[in-house]
J.: 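Here it is, the structure in full.
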2 protein chains.
Amino acid sequence: MIELSTEQLEIIQKMSVFQVRAGMPPTEARILALLLVSDRTELTFDEIRETLSTSKSAVSTALNTLVLRNKVESITIPGDRKRYFKHQLKNWNANAKDGLEKLLSVNQLLKEILAVRTSETEDFNRDMRNVIAFIDFMQVELVQVFEKWNNLQNKENKENN
Amino acid sequence: MIELSTEQLEIIQKMSVFQVRAGMPPTEARILALLLVSDRTELTFDEIRETLSTSKSAVSTALNTLVLRNKVESITIPGDRKRYFKHQLKNWNANAKDGLEKLLSVNQLLKEILAVRTSETEDFNRDMRNVIAFIDFMQVELVQVFEKWNNLQNKENKENN
DNA sequence: AGTTTGGTTCTTTTAATTCAGAACCAAAAG
DNA sequence: CTTTTGGTTCTGAATTAAAAGAACCAAACT
């Protein structure tokens, strides 16, 4: 059982509300938030269960999907039977990229729609071509933004060697 | 009642599945998709209801939230009591920006968490500062990308005058 | 004034998520 | 080989979200 300050509890609350609004199931959200605020960054299954006072089944399924989605990593220490769970901060970047790309993939469908549309509605079709062009543009630009970030990181690393 | 080809029906299906996965309620998603594929771009309440064969109440609430969220505009033609509903393609850009900004607003919470974290876990905290820096970076870059797009649009408009 | 049209709002029903509790299971320990 | 540990999996049960149906209402038409 992890001891948490009032502040820590409040943040878990706020953070999980935020994530639930974004579509994440409550238990997953609370586990992620706990792993972000907890003083120890690697918690066992039972520590999580006790601290959040939920059932084993809920924790089990939530952790498994979190691991599957690369939000959490599970660590095993040799000679210790329990698994330890840790927030995958390192993957935030990549997850964000994947998420954005999924959002932008709607463009495929928009192009299909445009191909099927009557040519009678020229104004509407122009607007649609414009949306499509915008999303294509975003796709290219986002790749560049991610590259730019990676370059900045590499530079920083070199400087610190 | 709007007549739809098999192709149009299939696209409505695919598009609404896509949007529902992204968290949109089914009726809203199907209305939006219908307004994208339909040969007429402005449909009445009853045309939508009949074509999607759902209840008045479902259509009413869905349309109202879509209008509220600037996804659909409602047009009234003088001398015609019905309202006509049209997909707000023009707002796609702005809606995308709002959506992204909401996503990035998680950074506020991450900063709060970092402020409360123990200093014992230096590796973890560094990763967290890195995520925060990344989101801050994205925020700045996204604004620039949107500006760049607007500039491109303005240029094009001038050229076409 | 009465009726029809074009919806809205409230209540009920249905369906889908989410969680808990118990049974279960494999690996390790005794 | 029996027991304990560290979970997983399989039912329900409870909550929540979505849709239907019916009652309602205001504006326009007769």
Side-chain angles (χ1 to χ4, degrees), chain A residues 1-2 12-13 15-35 40 42-69 71-86, chain B residues 1-2 12-13 15-35 40 42-69 71-86:
Chain A
M1 169 80 172
I2 303 291
I12 290 179
Q13 182 58 18
M15 189 71 180
S16 51
V17 165
F18 184 93
Q19 300 275 66
V20 167
R21 284 215 190 108
M24 182 176 289
T27 307
E28 284 179 40
R30 299 198 310 142
I31 291 176
L32 277 184
L34 170 61
L35 292 176
R40 280 179 37 235
E42 302 174 3
L43 304 184
T44 68
F45 185 98
D46 254 5
E47 284 171 334
I48 294 171
R49 190 187 54 71
E50 286 181 339
T51 309
L52 301 180
S53 56
T54 73
S55 65
K56 281 170 95 177
S57 55
V59 172
S60 178
T61 52
L63 275 175
N64 285 333
T65 74
L66 286 172
V67 168
L68 203 68
R69 302 251 148 80
K71 303 267 187 186
V72 164
E73 66 181 323
S74 98
I75 297 165
T76 56
I77 298 175
D80 189 344
R81 203 134 105 60
K82 327 187 228 330
R83 287 196 287 160
Y84 288 82
F85 296 93
K86 183 176 183 183
Chain B
M1 168 83 172
I2 303 291
I12 290 179
Q13 181 57 19
M15 188 70 179
S16 51
V17 165
F18 184 93
Q19 299 276 73
V20 167
R21 284 216 190 109
M24 183 176 288
T27 307
E28 285 179 39
R30 299 198 310 142
I31 292 175
L32 277 184
L34 170 61
L35 292 175
R40 280 177 38 235
E42 301 174 4
L43 304 184
T44 68
F45 185 98
D46 254 5
E47 284 171 333
I48 294 170
R49 190 187 53 72
E50 285 180 339
T51 308
L52 300 180
S53 56
T54 73
S55 65
K56 282 170 92 176
S57 55
V59 172
S60 178
T61 52
L63 276 176
N64 286 333
T65 74
L66 286 172
V67 168
L68 204 68
R69 302 251 150 80
K71 303 266 186 187
V72 163
E73 66 182 322
S74 99
I75 297 165
T76 55
I77 298 175
D80 188 343
R81 203 146 155 271
K82 325 189 231 327
R83 287 196 288 161
Y84 289 81
F85 295 93
K86 184 176 184 186

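Reminder, nothing fancy here: chain letters follow the sequence lines and each chain counts from 1. These numbers come from the heavy atoms of this one structure, side chains and all, not from hydrogens, waters or symmetry mates.
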J.: Grab the CG-P distance between A:L63 and D:dT8 for me, whole Å please.
T.: 8 Å
J.: Heavy atoms under 4.0 Å, any strand shown: does B:T44 hit a base, just sugar-phosphate, or nothing?
T.: nothing
J.: Mind checking B:D46 for me? I need base, sugar-phosphate or nothing, with any heavy atom below 4.0 Å counting as a touch.
T.: nothing
J.: When the distance from CG of B:N64 to P of C:dC10 is rounded to whole Å, what number comes out?
T.: 13 Å
J.: Nearest heavy-atom pair of A:V20 and A:P25: which atoms, and what distance?
T.: CG2-C, 4.4 Å
J.: How many Å lie between NZ on B:K56 and C1' on D:dA19, as a whole number?
T.: 15 Å
J.: Between C:dG7, C:dC19, D:dT8, which nucleotide gets closest to the side-chain atoms of B:F45?
T.: C:dG7
J.: D:dG6 base to A:K82 side chain: any donor-acceptor pair below 3.5 Å?
T.: no
J.: For A:S55 and C:dC19, is the shortest distance between a side-chain N/O and OP1 or OP2 below 4.0 Å?
T.: no
J.: Tell me whether the side-chain N/O atoms of A:R83 come closer than 4.0 Å to OP1 or OP2 in D:dG7.
T.: yes
J.: Classify the side chain of B:R81 and the base of D:dA28 as holding, or not holding, a donor-acceptor pair under 3.5 Å.
T.: no
J.: Would you kindly give the CG-to-C1' distance between B:L52 and D:dA19, to the nearest whole Å?
T.: 13 Å
J.: Distance check needed: C:dT18 P versus A:R30 CZ, whole Å only.
T.: 14 Å
J.: Given atom CD of A:E28 and atom P of C:dT17, what is their separation to the nearest angstrom?
T.: 13 Å
J.: Taking only N and O in the side chain of A:T54, is any of them less than 4.0 Å away from OP1 or OP2 of C:dC19?
T.: no
J.: A:Y84 has an atom OH; how far is it from atom P of D:dG7, in whole Å?
T.: 9 Å
J.: Okay, side chain of B:S60, backbone of B:K56: is any donor-acceptor separation there less than 3.5 Å?
T.: no
J.: Please tell me if B:R49 has a side-chain N or O lying less than 4.0 Å from either OP1 or OP2 of D:dA19.
T.: no
J.: Ignoring hydrogens and geometry, is there a side-chain-to-backbone donor-acceptor pair from A:R30 to A:L52 under 3.5 Å?
T.: yes
J.: Any salt bridge linking A:E28 with A:K71? Criterion: basic side-chain nitrogen under 4.0 Å from a carboxylate oxygen.
T.: no
J.: Separation of A:M24 atom CE from C:dT18 atom P, in whole Å?
T.: 11 Å
J.: Taking the side chain from A:S53 and the backbone from A:E50, do they hold a donor-acceptor pair closer than 3.5 Å?
T.: no
J.: Checking only heavy atoms, does the side chain of A:S57 share a donor-acceptor pair with the base of C:dG21 at less than 3.5 Å?
T.: yes
